[in-house]
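Inspection log for the structure reproduced underneath, given as structure tokens.
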Protein chains: 2
Amino acid sequence: MQILASAIQMPAAFALRGAMSGGVPQTLRKGEELFAEGDAADWFYKVVTGAIRTSKLLSDGRRQIGAFHLAGEIFGLEAGENHRFTAEALAGATVLAYCRTCLEPSARDGGALREEVLASAIRSLDRAQEHMLLLGRKTAQEKVAAFLLDMADRMPDGNGQFELPMPRSDIADYLGLTIETVSRTLSQFTRDGLIRLPAASRSIELCNLQALRQLNV
Amino acid sequence: MQILASAIQMPAAFALRGAMSGGVPQTLRKGEELFAEGDAADWFYKVVTGAIRTSKLLSDGRRQIGAFHLAGEIFGLEAGENHRFTAEALAGATVLAYCRTCLEPSARDGGALREEVLASAIRSLDRAQEHMLLLGRKTAQEKVAAFLLDMADRMPDGNGQFELPMPRSDIADYLGLTIETVSRTLSQFTRDGLIRLPAASRSIELCNLQALRQLNV
DNA sequence: CGCAACTTTGAGAAGAGTCAAGACTGGTGG
DNA sequence: CCACCAGTCTTGACTCTTCTCAAAGTTGCG
């Protein structure tokens with residue numbers, strides 16, 4: 001669990017421009033923290049490029065990653081005053097920051113943003129429901145298979161070959177497993193011919209989609 | 001997994017009145033299904049009295065309950081055309097049904113409902129994040145302790161004594177455990193003096209809140 | 001009162017976790 | 001260009017929590 005000293009702070013000039021133009025651009029380096037659990041939730045965000053992970057920690061360090069957010073997704077909007085989870089960049093990423101007040105009915109854009117935020121919240125809730133089913137009721141094999149199929153769907157690369165943007169530890173904390181179990185399961189899948197791990201251990205080729213889908217109950 | 005033949009269908013007259021007055025009242029008997037995974041999502045709902053459980057099934061019958069919705073909560077709004085989970089009444093319950101089109105910007109109430117729905121969606125997302133942490137990273141003891149504290153908070157009854165509105169099987173499917181593990185954990189808590197189970201096995205008294213909170217990491 | 005649904009308890013099995021060691025990768029600097 | 005090093009990943013042996021299967025005990029409704 002790495003915590004970088006400070007995220008890039010928002011220059012005031014930018015904030016002003018952003019409020020008018022639809023979001024303040026912000027660039028994040030690999031691993032950089034956008035906000036932490038407990039921070040004031042004055043802004044929420046939309047991913048432009050790269051990927052963001054949102055996570056929660058228990059006091060003894062156990063971590064659960066709630067979602068990996070890719071381009072176009074909105075996250076970080078809260079019911080209360082503070083963020084309820086941490087958001088960090090997986091690799092380099094760019095986001096647009098929106099001030100919370102932009103959502104108020106009086107906002108200049110006539111509520112178009114609010115529309116988009118509601119749609120996004122509902123989609124996130126969908127995903128969360130699906131993920132709770134995975135966390136609560138699926139076996140390690142089913143979890144990993146579901147993860148691979150989901151990533152293959154969402155990553156632009158074609159033909160079942162793609163590069164995972166996160167280390168095993170993130171996959172484990174996303175799936176509610178240990179890194180050893182993730183690793184062993186991937187090895188098993190390789191032995192069974194379901195996938196191939198060509199040298200660089202972050203790249204994955206899905207060889208037997210049918211078998212993987214069968215595991216994805 | 002019980003599936004009742006049919007939910008009460010909405011009379012047309014009611015639908016008309018509801019669209020104007022802010023929701024069509026609907027009464028559910030114990031165990032009755034409000035909608036099932038895959039049903040057309042033309043309506044969404046707000047709980048008035050009682051409690052609703054929302055759940056998803058795997059093809060082999062494994063079930064995950066995503067949430068128990070109590071009075072005031074909104075649920076059942078979808079991104080797509082169909083419901084992505086099933087909603088059933090725990091005991092008797094009454095809800096208000098809202099047609100999805102009531103959310104459109106042109107709606108008569110000027111968007112007040114949309115406001116409420118967005119706030120509710122964000123709260124649900126909060127809860128879902130918290131529940132993913134529980135499902136993915138907590139032990140059986142921690143899960144049950146968290147559940148008891150949450151229910152004690154949300155049930156109106158005072159002094160740490162209350163009646164659980166659901167059977168053990170629902171608790172298990174909510175916490176990602178088996179009913180045996182839930183039962184054993186409750187027995188252990190009783191032996192350790194954390195709770196008391198006075199005769200009727202649905203009622204619970206929390207005796208040692210401090211110890212329970214300590215388990216709720 | 002009787003029965004069905006629910007709950008508890010026990011014994012044994014198994015899936016996933018823990019601890020430990022070794023292999024690989026990719027970047028850095030000599 | 002190669003050697004080294006930190007971080008990451010894989011593998012093995014063993015443990016343990018939770019699940020499974022089975023049976024008996026309760027509860028509450030009809």
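Each chain gets a letter, A, B and so on, in the order its sequence line appears, and its residues count up from 1.
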(request) Using whole Å, report how far CG of B:L135 lies from P of C:dA16. (result) 15 Å

(request) By nearest nucleotide on DNA chain D, pick out whichever of A:R137 and A:V182 is the more 5' one. (result) A:V182

(request) Could you check which residues of residues 164-180 of chain A get a heavy atom under 4.0 Å from DNA chain C? Sort them by number, please. (result) A:G176, A:L177, A:T178, A:E180

(request) Mind telling me whether A:Y45 and A:F75 have parallel, tilted or perpendicular rings, with 30° and 60° as the class edges? (result) parallel

(request) Using whole Å, report how far CD1 of B:I195 lies from C1' of C:dT8. (result) 13 Å

(message) Quick one: does any side-chain atom of A:K56 pair with a main-chain N or O of B:Q129 as donor and acceptor, under 3.5 Å?
(response) no

(message) Looking at B:R168 and B:E180, is any side-chain nitrogen of the basic one under 4.0 Å from a carboxylate oxygen of the acidic one?
(response) no

If you restrict it to nitrogen or oxygen atoms, what contacts under 3.5 Å exist between nucleotides 25-30 of chain D and the protein, and what is each distance?
none

(request) Check the distance between D:dT10's C1' and A:L197's CG and give it to me in whole angstrom. (result) 11 Å

(request) Check if the side chain of B:R184 and the base of D:dT20 share a donor-acceptor pair of N or O atoms closer than 3.5 Å. (result) yes

(request) Identify the heavy atoms of B:R202 and B:P167 that sit nearest to each other, and give their distance. (result) NH2-CB, 3.4 Å

(request) Starting from C1' on D:dT17, measure out to CD on B:Q141 and report it in whole angstrom. (result) 11 Å

(request) Any chance you could lay out the side chain to side chain contact (heavy atoms under 4.5 Å, CB included) test for B:L194 and B:L215, step after step, and finish with the verdict? (result) CA-CA 11 Å; B:L194 303 194; B:L215 277 175; 4.1 Å; yes

(request) Select base, sugar-phosphate, or nothing to describe what B:S183 touches, counting heavy atoms under 4.0 Å on all strands. (result) base

(message) In whole Å, I'd like the distance from the CG atom of B:L90 to the P atom of C:dC6.
(response) 13 Å

(request) May I ask you to verify if any side-chain N or O of B:T181 is less than 4.0 angstrom from the OP1 or OP2 atom of D:dT18? (result) no

(message) Strictly distance-based, threshold 3.5 Å: is any side-chain N or O of B:T94 a donor or acceptor partner for the main-chain N or O of B:T27?
(response) no

(message) Please determine whether a side-chain nitrogen of the Lys or Arg among A:E130 and A:R127 lies less than 4.0 Å from a carboxylate oxygen of the Asp or Glu.
(response) no

(request) Kindly say whether B:R62 contributes a backbone atom to a donor-acceptor pair with the side chain of B:D60 at under 3.5 angstrom? (result) yes

(request) Note down the inter-axis angle between the two ends of the helix from C:dC1-D:dG30 to C:dG30-D:dC1, five pairs each, to the nearest 10°. (result) 40°

(request) Inspect the surroundings of CZ in A:R137 and state if more than 12 heavy atoms from other residues, nucleotides or ligands are less than 6.0 Å away. (result) yes

(message) Would the distance check show the side chain of A:S183 and the main-chain N or O of A:I179 forming a donor-acceptor pair, the cut-off being under 3.5 Å?
(response) no

(message) Whole angstroms only, please: what is the CD-P distance between A:E142 and D:dC19?
(response) 14 Å

(request) Give a yes or no answer on whether the side chain of A:H69 reaches the backbone of A:A87 with a donor-acceptor pair at less than 3.5 Å. (result) no

(message) How many whole angstroms separate atom NZ of A:K138 from atom C1' of D:dT18?
(response) 20 Å

(request) Nearest whole angstrom, please: distance from the P of C:dT8 to the CD of B:Q188. (result) 13 Å

(request) Check B:Q141 against B:F189 and note the closest heavy-atom contact, atom names and distance. (result) O-CZ, 3.5 Å

